[in-house]
2 protein chains.
Amino acid sequence: MNHSVSHTKINTLSNVHSIDRNDFIIRNCEKLFNIGDRLSGIYRINSGSVKLYRSNEAGQEQILGFYTAGDIFGLDALSDGKSQSSATILETSNISLIPFNTLLKRENSGDYKIFMQQVGINHNRDIDHTMMLLHCSAGRRLAWFFIKFSDNLSKRGYRADEFTLPMTRKDIALYLGVAAETLSRVFARFCAKGFIRIIGHQRSIKILEIDVLRNMINRDD
Amino acid sequence: MNHSVSHTKINTLSNVHSIDRNDFIIRNCEKLFNIGDRLSGIYRINSGSVKLYRSNEAGQEQILGFYTAGDIFGLDALSDGKSQSSATILETSNISLIPFNTLLKRENSGDYKIFMQQVGINHNRDIDHTMMLLHCSAGRRLAWFFIKFSDNLSKRGYRADEFTLPMTRKDIALYLGVAAETLSRVFARFCAKGFIRIIGHQRSIKILEIDVLRNMINRDD
DNA sequence: CGCAAAATTGAGAGTACTCAAGCTTTGTGG
DNA sequence: CCACAAAGCTTGAGTACTCTCAATTTTGCG
């Protein structure tokens with residue numbers, strides 16, 4: 001395996017898939033792989049979160065997606081084995097590597113089907129992301145971001161109205177395609193209007209008016 | 001099959017894949033499927049071109065991608081069988097439908113591998129699209145569009161410096177996430193600067209300064 | 001030839017960007 | 001435990017780009 005980081009290999013029984021895989025834990029802020037790295041498989045997150053991004057020649061990141069428990073990533077490498085993006089861990093995470101040849105083996109059609117579904121889910125999420133970038137104001141983008149984050153928590157059985165973001169403001173800005181300053185201003189506006197409240201410190205958010213945010217995604221404010 | 005259009009089924013020998021499929025020809029501007037349609041498989045373009053899009057509640061289209069010969073589309077439906085987007089033919093096209101259960105059958109691992117690669121290629125292309133939308137000016141977006149279009153022609157053995165676009169200006173604008181008027185102005189600017197020339201009528205383009213356009217994608221003009 | 005759709009052009013308004021400075025939080029070491 | 005440095009975040013001012021609305025021209029098709 002050619003990861004840029006050291007990782008602790010652990011022996012754990014697969015709780016979701018029965019297919020072969022390697023599990024490991026990665027600490028905060030470590031890099032999982034870089035653009036151009038040859039990946040030996042698809043990654044699956046069991047816990048924690050990851051950001052996927054590219055850097056342009058100016059050295060600035062452009063964030064393509066945030067991934068959390070249950071998500072797979074590394075599809076970039078399906079076409080020719082080499083990743084078109086970099087992956088960095090946002091918080092201590094447990095991640096599995098599912099080797100390509102396991103995917104290509106066909107003993108296990110149930111897993112295969114699940115994998116294909118997950119590919120479809122990823123694809124749809126990317127489309128959602130693109131749609132936001134196509135025509136929406138900074139306010140609608142942030143509203144969309146909160147709703148998606150909240151819905152994702154809710155789907156996994158966590159509190160949907162109060163949470164801690166695993167990423168920085170800058171990361172969110174790069175993901176939503178706005179300047180960090182603009183994002184900061186929208187945060188301030190949302191607080192002033194009482195849509196959200198920032199608890200304690202910057203990354204802890206309480207959503208006060210989730211319906212307002214949900215409507216904002218489609219209709220202009 | 002639940003297409004919104006009538007299509008002529010033809011008996012043709014598959015020239016690329018050996019897996020089961022249904023081939024048909026669709027005329028200009030016909031709709032292949034709508035958001036919410038249950039798709040029975042993945043589509044593959046043998047000739048012609050297709051646009052994939054969603055409509056928002058205001059009735060405006062947001063174009064997610066243009067597809068040409070060799071491309072597959074319809075991955076939207078992998079997650080739950082229902083498409084998250086609509087597909088419309090831009091010019092008379094020959095298209096194959098590869099049923100899901102053919103994909104799930106495993107007699108033919110060669111085809112399967114090709115399919116997975118194609119999934120990866122689509123994914124990378126979507127990422128490219130997203131990257132452009134994240135941080136680039138209208139000028140850079142159009143330069144990128146021309147380069148991608150030209151490179152695609154060149155890869156398939158066609159002339160790369162002179163071509164006819166199968167889509168309208170409005171379609172390009174919706175794909176690049178700019179207003180149609182803005183796009184028109186950028187077109188005019190590119191012509192004035194001698195980067196491109198519009199031959200005969202609007203959709204026939206000759207690229208005069210492909211290197212300038214190529215550089216423009218990364219560096220600001 | 002005439003109509004409808006597509007494309008262009010102009011003017012004005014608004015949103016987001018950039019640059020710059022100041023403030024807050026986090027982490028490290030004494 | 002405190003102090004300092006670095007990173008993260010916020011706020012302000014001015015600019016630039018793109019959008020919207022509206023009118024006109026061009027193209028495509030019956």
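Reminder, nothing fancy here: chain letters follow the sequence lines and each chain counts from 1.
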Practice item. Assign A/Ala188 to base, sugar-phosphate, or nothing according to its heavy-atom contacts below 4.0 angstrom with the strands shown. Key: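 The residue A/Ala188 makes sugar-phosphate contact but no base contact.
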Review point. For DNA chain C, whose closest nucleotide is more 5', that of A/Gln202 or that of A/Val186?
Key: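 The residue mapped nearer the 5' terminus is A/Val186.
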Review point. B/Tyr53 ring centre to B/Lys51 NZ or CZ under 6.0 Å, with the angle to the axis within 45°?
Key: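 So B/Lys51 does make the cation-pi contact.
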Practice item. State whether B/Ser184 places a side-chain N or O below 4.0 Å from either non-bridging phosphate oxygen (OP1 or OP2) of C/dA7. Key: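 Negative; the distance criterion is not met.
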Point to revise | Side-chain N or O of B/Thr182 closer than 4.0 Å to phosphate OP1/OP2 of D/dC19 | key: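 Yes.
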Point to revise | A/Thr168 side-chain proximity, nearest of D/dG8, D/dT18, C/dT18 | key: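 Per side-chain heavy atoms of A/Thr168, the pick is D/dG8.
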Check your understanding: Does the C/dT18 base have a donor-acceptor partner in the side chain of A/Arg185 within less than 3.5 Å?
Key ->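 Such a pair is found, so the answer is yes.
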Check your understanding: Does the D/dC21 base have a donor-acceptor partner in the side chain of B/Glu181 within less than 3.5 Å?
Key ->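 Present.
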Using whole Å, report how far [atom1] of [X] lies from [atom2] of [N].
X	N	atom1	atom2	answer
A/Asp171	D/dG8	CG	C1'	11 Å
A/Ile172	D/dC9	CD1	P	8 Å
B/Leu176	D/dC19	CG	P	11 Å
B/Ile198	D/dT26	CD1	P	13 Å
A/His135	D/dT18	NE2	C1'	13 Å
A/Arg169	C/dC23	CZ	P	19 Å
B/Lys170	D/dC19	NZ	C1'	12 Å
B/Arg189	D/dC17	CZ	P	9 Å

Check your understanding: Between the side chains of B/Asp37 and B/Ser83, does any donor sit under 3.5 Å from an acceptor?
Key ->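 No, no side-chain donor-acceptor contact under 3.5 Å.
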Review point. Is the closest side-chain donor-acceptor distance between B/Asn124 and A/Ser79 under 3.5 Å?
Key: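 There is such a pair between these side chains.
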Point to revise | Residues B/Asp76 and B/Lys82 bridged, charged N to O under 4.0 Å | key: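 Not counted as a salt bridge, because no side-chain N and carboxylate O are separated by less than 4.0 Å.
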Practice item. Classify the ring geometry between A/Phe163 and A/Phe149 as parallel (under 30°), tilted (30 to 60°) or perpendicular (over 60°). Key: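 Ring orientation, 0 to 90° scale: tilted.
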